[in-house]
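Each remark here refers to the structure printed beneath this line.
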Protein chains: 2
Amino acid sequence: MRVLVVDDEVRLARSLRVGLEAEGFAVDVANDGTDGLWLARENDYDAIVLDLMLPGINGYKVCETLRAEQDWTPILMLTAKDGEWDQVEGLDTGADDYLTKPFSFPVLVARLRAVARRGARERPTELRVGDLRVDPAARRVWRGETEVELTAREFSMLAFLARHPGDVVSKRQILEAVWDVDFDGDPNIVEVYVRHLRNKIDRPFGRQAIETLRGAGYRLRSDGG
Amino acid sequence: MRVLVVDDEVRLARSLRVGLEAEGFAVDVANDGTDGLWLARENDYDAIVLDLMLPGINGYKVCETLRAEQDWTPILMLTAKDGEWDQVEGLDTGADDYLTKPFSFPVLVARLRAVARRGARERPTELRVGDLRVDPAARRVWRGETEVELTAREFSMLAFLARHPGDVVSKRQILEAVWDVDFDGDPNIVEVYVRHLRNKIDRPFGRQAIETLRGAGYRLRSDGG
DNA sequence: CGTCGACGACGAGCACACGCATAGGGGCCT
DNA sequence: AGGCCCCTATGCGTGTGCTCGTCGTCGACG
């Protein structure tokens, strides 16, 4: 169980290292945000304990950056005063849990085990394919900076494609994912909706994100067209 | 140290009772939400372990009800699948901590001690979505500076929406959260209440906080409209 | 290099189910 | 007894999903 501790308070960091190692964790320590980010990128941790207040890059940004780079390592955020830190905000940044200082060590361990056990869940938050952004939770889509309105079916289909960027997906796969596993209508419907999608996310922007592979299926270009 | 365990899984409840008593807790057990609520009202516990999925009144509602009655007994929420339960939502309902099943017993004990030690906290939580303010504890709502009067159902529904600002919530989700997990009546009821809400928090202010997404559900604009 | 076949693109039209609106009855509490 | 709230029931408009027929285009093969 590998853990990265990012905290600038040297004494606290040290006692965390000792304590966690006694609990059987393998611990790395960084004393500022830059180092923390670097270590997090280079290694594969089971969890990261991240202080919010840091010299250089603060914990908030570190977390945000990792998530933006598709790194979903579980993060336990440490916050100094509960007043100025909004829990919701913390979790929204992409942290998996938070703890308010001062905290008791057993609680930290318990929480750490909990977030690590849950593991790096892949986040549904936002799919990015080139300059195409799909947010399944909010059911919103952007091409670059402009938002695009899609109907339920259109969205469902784009979301499916966006989950397989650069891959060829057959008509059958699309039918099963977007319609039903035992869909037996006219497969033509897929072509119709591909067209609708192209009219909304490609044509107005003079781009070509959805490619046709004759006899094989469709492919969403991973560079977004 | 008195603890109330509310869980419908009889075997789990029993082993929790045995384990916690071995740890020195005095344990009461309820097997459904109704009993749990009743026991919580009648007695003065140091903490409550509350399962989310319950027959009768679900854990979500139990928690909400207690808080509405100004009962701040620390609550540790147990959630079945981490997928369908949003941690933020759990904490905002008024729970003090949460634990995802399956969990290890020592972790449960540690967390339980932690929330109990912290004690009955005074309630801060207020949900803010744009200029819309929802106070789940006090059951009050403001649009800007003017307070809005809502009925129980209306409030429950708005609170749910406010816990997912900017996200689409399906009619099914709303039914499960606001009504019951196994609600089987006419989903039309959701539309009716959406209308009521709009009449109270949107129309008088010439705003549009609740959006309709055909075939998908509803969305509370995160800027409040 | 030309022809033919198959697959996909396209446009328009139709049906329907989804969501909106409103009214009214039943139950609970005061 | 009255009022309030919750839910059911029904009609209505419209956006959405889907069907269908035709046209265009790619690719294979002689």
Side-chain angles (χ1 to χ4, degrees), chain A residues 139 141 148-161 168-180 182-204 207-220 225, chain B residues 34 57 61 64-65 68-69 139-141 148-161 168-180 182-204 208-220:
Chain A
R139 238 191 162 83
V141 177
V148 180
E149 305 263 332
L150 298 182
T151 70
R153 275 277 192 265
E154 290 163 1
F155 185 89
S156 177
M157 186 157 161
L158 178 61
F160 178 70
L161 290 173
V168 184
V169 289
S170 70
K171 224 175 273 191
R172 187 73 236 163
Q173 281 178 285
I174 297 176
L175 284 171
E176 290 182 1
V178 179
W179 276 261
D180 195 17
D182 47 348
F183 177 90
D184 67 339
D186 191 344
N188 178 15
I189 191 72
V190 174
E191 299 159 19
V192 172
Y193 275 89
V194 165
R195 176 160 182 279
H196 289 164
L197 272 182
R198 291 210 251 236
N199 281 343
K200 292 193 176 179
I201 66 165
D202 278 345
R203 200 146 81 180
R207 313 285 284 288
Q208 163 87 336
I210 305 177
E211 299 176 304
T212 304
L213 283 295
R214 278 216 159 218
Y218 296 89
R219 178 169 58 197
L220 185 66
Chain B
T34 319
I57 313 173
K61 300 235 24 161
E64 210 174 38
T65 307
E69 293 168 1
R139 290 208 162 239
R140 304 176 74 177
V141 177
V148 180
E149 304 267 332
L150 297 182
T151 71
R153 277 275 190 258
E154 290 163 0
F155 183 89
S156 181
M157 185 155 159
L158 178 61
F160 179 71
L161 290 173
V168 185
V169 290
S170 70
K171 226 174 270 192
R172 186 74 238 162
Q173 281 178 284
I174 297 176
L175 284 172
E176 290 182 3
V178 180
W179 278 262
D180 196 16
D182 47 349
F183 176 91
D184 67 339
D186 192 342
N188 178 10
I189 189 70
V190 173
E191 298 159 20
V192 173
Y193 274 88
V194 165
R195 174 155 186 278
H196 290 163
L197 272 181
R198 291 210 251 235
N199 282 343
K200 292 193 177 179
I201 66 164
D202 277 344
R203 201 146 79 180
Q208 163 88 335
I210 305 177
E211 298 175 301
T212 303
L213 301 179
R214 277 216 158 218
Y218 296 89
R219 180 171 61 196
L220 185 66

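Throughout, a chain's letter reflects where its sequence line sits, starting with A, and its residues are numbered from 1.
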First-last contacting nucleotides on DNA chain D - partner chain B, under 4.0 angstrom, heavy atom: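 Extent of the interface on DNA chain D: D:dC5 to D:dT16.
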
Each nucleotide of nucleotides 16-30 of chain C classed B (base within 4.0 Å of a protein heavy atom), S (only sugar-phosphate) or -, in 5' to 3' order, makes --BBBBB--------

Using a strict heavy-atom distance below 4.0 Å, which residues from residues 152-159 of chain B are in contact with DNA chain D?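 Residues of residues 152-159 of chain B that come under 4.0 Å of DNA chain D are, in numerical order, B:Ala152, B:Arg153.
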
Locate the shortest heavy-atom distance separating [X] from [Y]; write the atom from each residue and the value.
| X | Y | answer |
| --- | --- | --- |
| A:Leu150 | A:Leu158 | CD1-CD2, 3.8 Å |
| B:Pro204 | B:Asn199 | CD-O, 3.1 Å |
| A:Ile210 | A:Asp202 | N-OD2, 3.4 Å |

Any ion pair linking A:Glu176 and A:Arg172 (charged N to carboxylate O, less than 4.0 Å)?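 A salt bridge is present here (some side-chain N lies under 4.0 Å from a carboxylate O).
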
Does this structure show an ion pair linking A:Lys200 with A:Glu149, if we count only N-O contacts that are shorter than 4.0 Å?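 Salt bridge flag = no for A:Glu149 with A:Lys200.
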
How long is the straight-line distance from CD1 of B:Ile174 back to OG of B:Ser156, given to the nearest 0.5 Å?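 Result: 10.5 Å between the selected atoms.
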
For the CZ atom of A:Arg219 and the OG1 atom of A:Thr212, what is their distance to the nearest 0.5 Å?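 The OG1 atom of A:Thr212 is 10.5 Å from CZ of A:Arg219, to the nearest 0.5 Å.
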
Looking at residues at least two apart in the chain, or sitting in another chain, which of them share a side-chain contact (heavy atoms from CB on, under 4.5 Å) with B:Arg140?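 B:Arg140: side-chain contact (heavy atoms from CB on, under 4.5 Å) contacts with B:Ala138, B:Trp142, B:Glu147.
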
Rounded to whole angstroms, how far apart are CD1 on A:Ile189 and C1' on C:dG13?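 So the CD1-C1' distance, A:Ile189 to C:dG13, works out to 14 Å.
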
Kindly write out the residues that satisfy salt bridge (Lys or Arg N to Asp or Glu O under 4.0 Å) with A:Asp186, not counting sequence neighbours, or none if the list is empty.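 Expected list: none.
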
So, using ring pair (Phe, Tyr, Trp, His ring centres under 6.0 Å) as the criterion, who are the partners of B:Tyr193 when residues are at least two apart?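 Scan of B:Tyr193 (ring pair (Phe, Tyr, Trp, His ring centres under 6.0 Å), adjacent residues dropped) gives B:Trp179, B:His196.
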
